[in-house]
Amino acid sequence: MTNSPVGREIDRVDGRLKVTGAAQYSADYPAPGTAYAHVVTSTIGRGTITRIDAGAALASPGVLRVYAAPDPRLKLYPVAPQFRGLVENYAPLQDTAVRFHGQVIAMVVAESVEQARDAAALVTATYDAQPPRTSLADEPRVPAGPTVSGSPSNLTILAPGVESIDAALAASDVVVEAEFHQPVQHHVAMEPHATLAVWDGDRVTVHAGAQIPPAYALLLSQRLGVLPQDIRLISKYVGGGFGARVVVWSDALVAAAAARELGRPVKLVLTREQMFTLVGHRPHLTQIVRLGASRDGVLNAVSHESDAEMPVVGGFNVTPAHATSDTLYRTPNLRVGPRQVILDLPGSRAMRAPNEAPGAFALETAMDELAVATGVDPVELRLRNYATVSPATGLPWSSKHLDECYRVGARRFGWSRRHATPRARVDGQWLFGVGMATAVYPATRHPASVRVRLLDDDTAVVSTATADLGTGGWTMVAIAGADALGIPLKRVTPEIGDSALPQGAPAVGSSATHSTVPLIVGAAREAIAALKQLAVTDPRSPWHGANAEDLRYEEGRLRAHGRSMSFGRLLTALGSRGVDATASGPGGAPAGYAYHSFGAHFCEVRVNRFTCETRVTRFTTVADVGRVINARAARSQLVGGVIFGIGYALLEENPLELDTGRLAGSTLADYLVPVNADIPDIDVHLLDRPDPLLIGPLGDDGGEVGTRSLGARGLGEIGNVGSAAAVGNAIFNATGIRVRDVPITLDKLL
C-alpha cells in the first residue's frame, strides 16, 4: 500500500462521536421501563449483620424493591474454579458476613435515580462487629502465588560456590539496602462503573464497561446461572479501566439479578465514593531491595523482597520484582521473594503496570542510590549492568534497544549538563534537580479471533470483541485493517466491544494491539483468498475458470489477464453482498526468547527551599515498543503513563484507618490525582523498531498486501514503569533528601 496509515499521526476514528457526545457509554443506553438502583454499603470492616431495617426505605415514594442481605430473591452462583481469579470469592447479598468496610449490604430499586438514592439513605443496619485485620506489619505472611506469566514468583539464582544471597551481598564492595512503602492507590477512571441489565425471557443484554467482554459475559453467565449463549455484553465505549474493569464486581451482579427478579430493566451507577471500595485498588505494599556491587558499580547481587496485602475476598497477587529486578540488570546472584498478607479490605486488582510500577520505583530508586554510593553516573551505571539475556531465564530478547533509549533520551533531555552533587543548582527560592530511571514491561500475546468482511460497496468491516478504554482500540483496528487490505482508512469500519463478535484480545497487560494486529493481517489474507476463489468459481466473474494463483490483489483490486476490478465491483457483479474470513490465534509467541518492551525516563524538578513544594518542570521518555501502529495514540498513551507515574510519586494516597478498615480519602477532593497544572510538556520519542519475532501468524514474505505483519508490541503501561522513580531521583538530586515512601509530599522533605 503506497500510503499505509501504519505509524502515522492518525486521528481517532471515534473522536468526533466522543467530543460531540454521540458515543454511548454504559449508563447512556436507554431501555423502556428502566428502574434505577442504589447500593447501601457496610460501615464496619469485619463482622456479621444482625439486622437491616428497610421499612422507611420501602415506604418512600417510587421504591419498588429493597434487597437486603441475605436476600434469596437474588439468585447468584459460584463460578468454575479456573475463573475464580476474575471475581470476588463471595456472592453479594447472599449471606450476613461483612468482609470489608464498604461492602454492599443492601440495594434499593426505584422509579428514578433520586428516589433510589434518597431511600437508600434511610436503610439502617446493626452489626456484631469484630476488629478487622488491616496491618501488613502485624499479620502472618505467606509466599505469593505464581506470577502473571505463570512462573513461580520466588526465584533464587546463585553463582557457583555462593551459598546464599546474603553471602553474595556480604562479599560485595558496596551494598545498598532500602525499604519502600506504597499506600493504597486507586484507578479513578473518569467514567463511573455502570450497569444496565435488560432481560428477554432467559436471555439478558448487559451494558457495562469491560476490559475483556467475552470473559465478562462468561463470568456473568456463571454467576447468574444461565447459559453463556444467553448473555450478551455490550461495552463499546469505556471511560478508562486501568485494571478495574477486568473483574465482574458486585454492582453488575446485583443489578442483573434484580432486573431478572423485578421483570424490568435495571440501571445501577456507582457513586464516586463507592468506586473507591467496590471496584478494586492497587494494594498497599512494602518492599526491601538490596544491591551489592563492585566499587565501579558492576552488580554482584540483587535481592528484592516484598509484603503486599491480599484481601480476604480475593485480589491481585502482587509480585513487584517480576519483570523488574528479575529482568533489567545482569547479575550473577539474584533473589526475589514476594509475600502476601491476608487482610479484611476491599478486593484489590491489577492497576496499570500492577507489578512493574511499584517494583520499578523500588529498584530504580535503589539503583540511583548505588550510583551515588559508587560515584558512577546513573546512565553509565545502567549500561555497565546491561542485560543481553534475561537474568531470570537466560533467554535472549526477541528485540531490545534499551541502550539506544538511554543514549537518545540523555541527548534529548540534556543529561550531560547534570550536576551530580545535590543542591548544586539554585534559582532564587527553587532547588533544581534531575533524575532518570529505566522502564520495562512484558510483551504478552493472548488468544483472540478477528473477522474481516469485504463488502460490495468497496468497504470492509473488521470485527473483534476487544475493548477500547480510551486507549485508541477503535483506531488501531481500523489502521491495521486498512494496511492489511491496502485500502484507505475511511473505507474500513471497526466493530469492537461486543461479546457477540469474534473473541477479542483482552485489553489488559498492554496486549490488545500486538495480540490483535497479526490476526487482522491473517483474516485479511484469508478474506482475499476467499475473494479470489469466488472470482474463479462463479460463472458471472470475468475470471471464471482461471487459476486463483494467477490473480493478484493490490489496493482493493483484483488484477489478472489484463483486467482489473475492485472487490466491491466484483461482488456487485456476482450478486454477493460480501465475503468474509476469520483468523484465530492461540496467544503466545515463538519459544526460546524473552519478550519485553523497554524505555528510559529523564525528569527535572524544582523544589522550593522554604516550603518544599515540588513541581515537575521537564520530562523526556524514549521507548522501544516495537512497530508503532498509530504514532499519535502511542505518544498519548506514553504521556498518560508518565502522568500516572507523577501522580504515584507526588500525590496519590488513600489513608487506611487501621482500627476500622475504612479507606478515609475516598473522594476526589481527598484522593489527589494530577491535573494540567501539575504536568509539564512531556517529550516522548518512539524508536519504532519492529520486533522481528512478533510478526505471526503469517510471517513477512514481502508479497502482496494481506501478507505483511508488523512486529508491534504493547505500550499502554510502560510509561507508568520507572517514571515515579525518575521523579524521586530528581528530588534527591535537587535536595539531597532521599524519600522512599510514596507519595513524596512536602512534609517528608521539610
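One-based numbering along the sequence shown. Note that these values count all heavy atoms, side chains included, but never hydrogens, waters or copies made by symmetry.
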> Does any donor atom in the side chain of Gln637 or Thr471 lie under 3.5 Å from an acceptor atom in the other side chain?
Replying inline: no
> So, Gln182 and His284: side-chain donor and acceptor under 3.5 Å apart, yes or no?
Replying inline: no
> Does the ring pair (Phe, Tyr, Trp, His ring centres under 6.0 Å) test come out yes or no for Tyr441 and His596, once each step is laid out?
Replying inline: CA-CA 5 Å; Tyr441 198 81; His596 286 77; 8.3 Å; no
> His281 and Ser348: side-chain donor and acceptor closer than 3.5 Å?
Replying inline: no
>> I need the minimum non-hydrogen distance between Asn654 and Ala664, along with the two atoms involved.
In response: OD1-N, 3.3 Å
>> Assess, by modelled atom type and distance only, whether the side chains of Thr156 and Arg335 contain a donor and an acceptor separated by less than 3.5 Å.
In response: yes
>> I'd like to know if the side chain of Thr96 pairs up with that of Thr48 as donor and acceptor (distance under 3.5 Å, no hydrogens or angles considered).
In response: no
>> Taking the side chain as everything from C-beta on, heavy atoms only, tell me whether Leu285 gets closer than 4.5 Å to His181.
In response: no
>> I'd like to know if the side chain of Thr667 pairs up with that of Asp670 as donor and acceptor (distance under 3.5 Å, no hydrogens or angles considered).
In response: yes
> Do the side-chain N and O atoms of Glu717 and Ser510 include a donor-acceptor pair separated by under 3.5 angstrom?
Replying inline: yes
>> Could you go through Glu364 and Thr438, starting from their C-alpha distance and side-chain angles, then the distance that decides it, and tell me whether this counts as side chain to side chain donor-acceptor pair (under 3.5 Å)?
In response: CA-CA 7 Å; Glu364 291 300 287; Thr438 307; 3.2 Å; yes
>> Which residue is it: Leu224, Val104, Leu220? I am looking for the one with a side chain to side chain contact (heavy atoms under 4.5 Å, CB included) to Leu253.
In response: Leu220
> Pairs in or reaching into residues 643-666: which pass ring pair (Phe, Tyr, Trp, His ring centres under 6.0 Å), with residues at least two apart or in two chains?
Replying inline: Phe242-Phe644, Phe361-Tyr648
> How are the rings of Tyr237 and Tyr25 set relative to one another: parallel (under 30°), tilted (30 to 60°) or perpendicular (over 60°)?
Replying inline: tilted
